[in-house]
Amino acid sequence: MKISAQLAWTDYLKAQRLHMRPGTLVGILRYVALGFFVLAVIAGGLSQGWLFFMPIIVLIAAIALYFYVFFPRRVRHLFEQHKELAAPTEYEITPEGLTSTSQYGSSNRPWGIFRKWKEDRNLLMLYITDIQFIMIPKRFCTPEQLAALHGYLDQNKVLEASKVKTGSWARTVIWIVLLFAIGIMLYLGFHNPTP
């Protein structure tokens, strides 16, 4: 079964965003941290006045600027440098593995080489390592091809990314420390208002 695809830089951007999407525990910690942060901002604003909001507004603007301007520009630049990504590619899905062929060469990867997979409504990403992946935009696939691909992944015990331990304990610890710091800010905002 063959899939012909030609990636656009926006596919690469979507893949990077999907790659950065956290696992379940870190995702929960992010939402809890965000909730505490909002409460701390409200508490601080009520007790400290409008000047309290200035650094927070600058922080939010910087984060938005990074994710919606600088990050996409950087991804587009990297995509343009990596000529192989933009070349028309033909993928062949077989019971033995995934073969890809383009003007720059070909590769034959057995299913056992893949560590995990991740997907959303736009992409299916097959990971060779925790950070190296092959992306297949779903717009180039029929439902039957996607079902066959999932079937081969299941048969070869390639797990969905959320079920694979990645050793991201350090990231989890950082989120817990951040959550604790926001909790302290919240406590100080409610219990030590300035006159």
Side-chain angles (χ1 to χ4, degrees), residues 1-34 66-67 71-72 74-76 78-79 81-82 84-102 104-179:
M1 170 175 346
K2 294 187 178 182
I3 300 169
S4 296
Q6 184 168 9
L7 299 175
W9 81 270
T10 52
D11 294 317
Y12 194 48
L13 177 62
K14 290 172 187 172
Q16 293 300 322
R17 288 183 171 154
L18 177 58
H19 173 69
M20 292 186 319
R21 190 172 70 189
T24 307
L25 178 60
V26 175
I28 291 169
L29 287 174
R30 274 189 188 179
Y31 286 117
V32 170
L34 181 62
Y66 174 76
F67 279 108
F71 183 71
R74 178 72 177 147
V75 167
R76 184 175 192 159
L78 291 172
F79 181 82
Q81 284 181 341
H82 201 307
E84 188 177 343
L85 286 175
T89 304
E90 185 172 272
Y91 298 98
E92 185 173 3
I93 303 165
T94 68
E96 291 76 36
L98 179 71
T99 302
S100 59
T101 306
S102 76
Y104 295 104
S106 63
S107 66
N108 185 8
R109 294 183 174 95
W111 293 116
I113 201 171
F114 295 109
R115 175 167 166 66
K116 60 185 178 180
W117 60 271
K118 188 184 267 193
E119 73 179 326
D120 65 7
R121 61 186 171 89
N122 299 307
L123 293 167
L124 176 66
M125 295 171 47
L126 303 172
Y127 282 81
I128 298 165
T129 68
D130 285 339
I131 61 170
Q132 184 183 9
F133 54 82
I134 295 169
M135 58 184 152
I136 301 174
K138 289 184 174 180
R139 69 179 182 275
F140 297 114
C141 304
T142 65
E144 294 79 22
Q145 290 170 324
L146 285 172
L149 191 49
H150 280 284
Y152 290 135
L153 292 170
D154 286 343
Q155 287 172 12
N156 291 280
K157 297 178 178 41
V158 180
L159 298 176
E160 199 271 330
S162 66
K163 298 175 182 172
V164 176
K165 293 193 182 284
T166 60
S168 63
W169 62 269
R171 189 175 2 173
T172 303
V173 168
I174 290 170
W175 276 105
I176 290 171
V177 168
L178 181 63
L179 186 62

Flag, side chain of D120 to backbone of N122, donor-acceptor distance under 3.5 Å: yes
What's the separation between atom CG in N108 and atom CD1 in I113, rounded to the nearest 0.5 Å? 9.5 Å
Check whether any side-chain heavy atom of E144 lies under 4.5 Å from a side-chain heavy atom of M1, and answer yes or no. no
May I ask you to test the L153-L126 pair for a side-chain heavy-atom distance under 4.5 Å? yes
Side chain K118, main chain L18, donor-acceptor under 3.5 Å: yes
Enter the distance from L123:CG to I136:CD1 here, rounded to the nearest 0.5 Å. 9.5 Å
Would you say the side chain of R109 lies within less than 4.5 Å of the side chain of S100, judging by non-hydrogen atoms? yes
Does the T89 side chain pair with the main chain of A87, one donor and one acceptor, at a distance under 3.5 Å? yes
With a 3.5 Å distance limit and no angle check, can you tell me whether Q145 reaches the backbone of T142 through a side-chain donor-acceptor pair? yes
State, with a plain yes or no, whether a side-chain heavy atom of S102 is found less than 4.5 Å away from one of Q6. no
Could you check whether any side-chain N or O of W111 sits under 3.5 Å from a backbone N or O of P95, counting only pairs where one atom can act as donor and the other as acceptor? yes
Between atom CD1 of I128 and atom CD1 of I134, what is the distance when rounded to the nearest 0.5 Å? 4.0 Å
Look up atom CG in D11 and atom CZ in R139, then write down how far apart they are to the nearest 0.5 Å. 4.0 Å
Do L149 and W117 come close enough that some side-chain heavy atom pair is under 4.5 Å? no
Could you measure the distance from the NZ atom of K2 to the CD atom of E92? Nearest 0.5 Å is fine. 5.0 Å
Using the rule given for salt bridge (Lys or Arg N to Asp or Glu O under 4.0 Å), can you reason through D130 versus K116, listing the C-alpha separation, both sets of side-chain angles and the distance that settles it, and then say yes or no? CA-CA 8 Å; D130 285 339; K116 60 185 178 180; 3.8 Å; yes
Could you check if a side-chain atom of L13 sits within less than 4.5 angstrom of a side-chain atom of F71, using non-hydrogen atoms only? yes
Which distance, rounded to the nearest 0.5 Å, do you find between the CD of E160 and the NE2 of H150? 9.5 Å
Is H19 close to I131 at the side-chain level, that is, under 4.5 Å between some pair of heavy atoms? yes
Below 30° counts as parallel, above 60° as perpendicular, anything between as tilted: where do the rings of F79 and Y12 land? tilted
